[in-house]
Amino acid sequence: MLDIKFVRENIAEVERRLATRGGSLDLSNLKALDEKRRSLLTETEALKSKRNTVSEEIGKLKKEKKDASRLLSEMQDESARIKALDAEIGGCEKELNDLLLVLPNLPSPSVPVGKDETENPVTRVWGSVPEFGFTPLEHTEVGERLGILDFERAGKLSGARFSLQKGPGALLERALINFMLDLHTTKHGYTEVLPPFMVKSEAMLGTGQLPKFGDDLFKIEGWDHYLIPTAEVPVTNMHGGEILEEESLPLCYTAYTPCFRKEAGSYGKDVKGLIRQHQFNKVELVKFSHPDTSYDELEKLTNNAEEVLKELGLHYRVVTLCTGDMGFSSAKTYDIEVWLPGQGKFREISSCSNFEDFQARRANIRFRPRGGKPRFLHTLNGSGLAVGRTLVAILENFQQEDGSVVVPEALRKYMGGLEIIRKKS
RNA sequence: GGAGAGGUGGCCGAGCGGCUGAAGGCAGCUGCCUGCUAAGCAGUUGUAGGGAUAAAACUCUACCGGGGGUUCGAAUCCCCCCCUCUCCGCCA
């Protein structure tokens, strides 16, 4: 959520910067509501002030056993007016809030202006395209031939966009989760969190999924709860409403959770395989940062996610999302894209964002500067990494002509020393 | 799910419908004092939103789990909801 004060004082700039996200918007409605609210406030507060002093007087008169009926009847009317004004202010604030809640974050000035994903500049590349002496297969093919991926049975249970892994396929997923968590906790200094996988709507509001993107979420019938679409939601909202010590920043958390997404509107996209699922595993990185250092923290966080791919030996590139391709809550986002030989292209495997104080304001997460007033802090997060897509990358990059898959060195200790996944004969 | 107890400031803990943003204590900060430490004395310390200001100072309003109600006036009375704790039931 944007700061209404900032919007008020910089309305033209806000309009201009938001417009770079695409689409047009008009903040005149917001401006009018804000002005109305403030003038109503001035009016009602003056009345309340009067009521307070008169009420005190009435108290005195009564104590002295004097007649207060004139003041009493006068105040009856005033009170009714205050009540009506308060109701009007309430409505005004609700309307204003509703508008603010659906306004996206301002892109950071460092974000390239562009209309869509075709205008995302490549920021860096690591490794190189692996060469095969044969035509590499897509992961679905590799996995099904090995008997470790079973989409047919998953479909029987749950329909499209679900998967089932078996034997070394299930083990590989588990190994990846443990490997990533260990890397981030031991080497990068993050604290592991195992959060709830269901949260209240308040939490979804805090990180920006609600009210605008409810269609993408699975809601629990009869409850105010939703299945989380990412660990970002529970982990960021973990400190909702809190005032943290300045010295404790940055707080760095890593969390494994399954993620549940409806993928509404993606019909026909990635219908096959593990790329786009209603349920997938992810290890997430979340930071609560001092505003002064949040962009340094974004670089570090992105590097921490990249490290996973480096250790696994997977070729990838980092792109900076342009203004037109950024998510609703983000001020700046890097996507990490891994090379998939079976598809012959880079695919997103991580998205690392700085939300500045956008989520902190919604979720009311602050810190106390030494001796000063509480301030909103900055929140960041990134996938470190999407586990299913990492498994896809491994199957595609380390497949061999005979259909087997070499297990990356870094994962072997998590797989009982297994070096190669072969078809069970 | 059933029964009971409770939710007040950073913490503990008072609080007759008006003089309570809220006693008292602890913690914190600022002075003073003591050779050091400890103690002592005085003062001070919440959040949000308006107004004012270059920014402050200043000023107004609201806030005692949340929401409604009664009243000129509610932390205090009434109703609904939420949460925590204890006991019972159920369960991993």
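Note that the coordinates shown come from a computational prediction; the quantities given were computed from them, not determined experimentally. Labels below follow one simple rule: chain letters A, B, ... track the order of the sequence lines, proteins then strands, and each chain is numbered from 1.
- A/Arg81 comes within contact range of no nucleotide atom at all, as no heavy-atom separation falls under 4.0 Å.
- Using Watson-Crick or G-U wobble geometry with both donor-acceptor distances under 3.5 Å, B/rC36 finds no partner in any strand shown.
- For A/Glu45 against B/rG51, no side-chain N or O and base N or O form a donor-acceptor pair under 3.5 Å.
- For A/Arg38, the side-chain atoms get nearest to B/rG51 when compared with the rest of B/rU47, B/rG18, B/rG51.
- Pairing of B/rC91, defined by two Watson-Crick or G-U wobble distances under 3.5 Å, is not identified with any nucleotide.
- With a 3.5 Å ceiling on both atom-pair distances, the Watson-Crick or G-U wobble partner of B/rG31 is B/rC41.
- Of the nucleotides present, none pairs with B/rA56 by Watson-Crick or G-U wobble criteria with both distances under 3.5 Å.
- Checked by atom type, the side-chain pair A/Thr320/A/Thr123 shows a donor-acceptor distance below 3.5 Å.
- If you check the side chains of A/Glu192 and A/Tyr256, you find no donor sitting under 3.5 Å from an acceptor.
- With a cut-off of 3.5 Å on both Watson-Crick or G-U wobble distances, the partner of B/rA23 is given as none.
- When both pairing distances are held under 3.5 Å, B/rC64 makes no Watson-Crick or G-U pair with any nucleotide shown.
- Nearer the 5' end of RNA chain B, as judged by each residue's closest nucleotide, is the contact made by A/Ser55, out of A/Ser55 and A/Arg366.
- Nucleotide B/rC72 has B/rG18 as its partner under the Watson-Crick or G-U criteria, with both atom distances under 3.5 Å.
- Proximity of the aromatic rings of A/Phe328 and A/Phe358 is defined here by a centroid distance below 6.0 angstrom, and this criterion is met.
- When Watson-Crick and G-U wobble pairs are counted only if both distances are under 3.5 Å, B/rA5 pairs with B/rU84.
- Defined by atom type and a distance below 3.5 Å, a donor-acceptor pair is present between the side-chain atoms of A/Thr379 and A/Gln359.
- Within 4.0 Å of A/Lys83, counting heavy atoms only, lie sugar-phosphate atoms of the nucleic acid but no base atom.
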